[in-house]
Amino acid sequence: MSLHMSRSTRAICGALAFALFGPLYAQTNISQVGHLSYQELRGSDIANLWGYADEEGNEYALVGVNGTEGQTGGFSVVDLSNPADPQEIYFFPGPASIWREVKVWGDYAYITTEAEDGGLTIVDLSPLPQSHDLPATVWFDPGWRSSHSLFIDENGRLYIHGASEGNGG
């Protein structure tokens, strides 16, 4: 797994970020290469995104989907092999929330949300690109059901922030 992203992946991620924050900040040195509308695809805005490259070098955008009243939120994997035509190849549903944090360690995506009973979603990305059937699970602790964000350190230790347990740490 590589954290290096190609110029086209940076452009797609920049376009997705522009969709989130464009009205708030002026963007410079960004060219839109392709577009995927989550309003058209899922009737939703997006909350967060991250990048992933498989062992063959194929690049993907990992997208937290808000969901809205009547629409499911969740986690979306977008194939960027044709940057001019990004395609959603996987979706794992979750509760609607305006916040969904995505991070990667190795071949696993970790997703958390502030939604009640959102838990920690863990998606195995290693079947990519041969298969789009990605194993996923939602983990809960008896006293912990959701959190605002997460961080994974250089040793693979995952930390949650703004948790529904204790003092929120």
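- Side-chain atoms of Arg42 and Phe91, non-hydrogen and from C-beta on, do get closer than 4.5 Å to each other.
- For Ala115, the side chain to side chain contact (heavy atoms under 4.5 Å, CB included) partners two or more places apart in sequence, or in a different chain, are Pro95, Ser97, Thr113.
- Two residues are said to be in side-chain contact when any heavy atoms from C-beta on lie closer than 4.5 Å; Leu150 and Leu120 meet this criterion.
- Cluster membership for Trp139 and Ile152, using ILVMFWY side-chain heavy atoms within less than 4.5 angstrom, is shared.
- The shortest distance between side-chain heavy atoms of Thr121 and Tyr110 does not fall below 4.5 Å.
- Cluster membership check: Phe75 shares its hydrophobic cluster with Val104, using side-chain heavy-atom separations under 4.5 Å among Ile, Leu, Val, Met, Phe, Trp and Tyr.
- Side chain to side chain, Asp54 and Tyr60 meet the donor-acceptor criterion of an N or O pair below 3.5 Å.
- Arg100 is not listed as a side-chain neighbour of Thr112, based on a closest heavy-atom distance of 4.5 Å or more.
- Residues Asp45 and Tyr38 form no side-chain contact, since every pair of their non-hydrogen atoms from C-beta on lies 4.5 Å or further apart.
- No continuous path of hydrophobic side-chain contacts links Val123 to Trp99 [ILVMFWY only; heavy atoms under 4.5 Å].
- Contact annotation: the side chain of Leu134 never approaches that of Asp124 to less than 4.5 Å [non-hydrogen atoms, C-beta and beyond].
- Counting heavy atoms from C-beta outward, Val63 and Val78 have side chains that approach closer than 4.5 Å.
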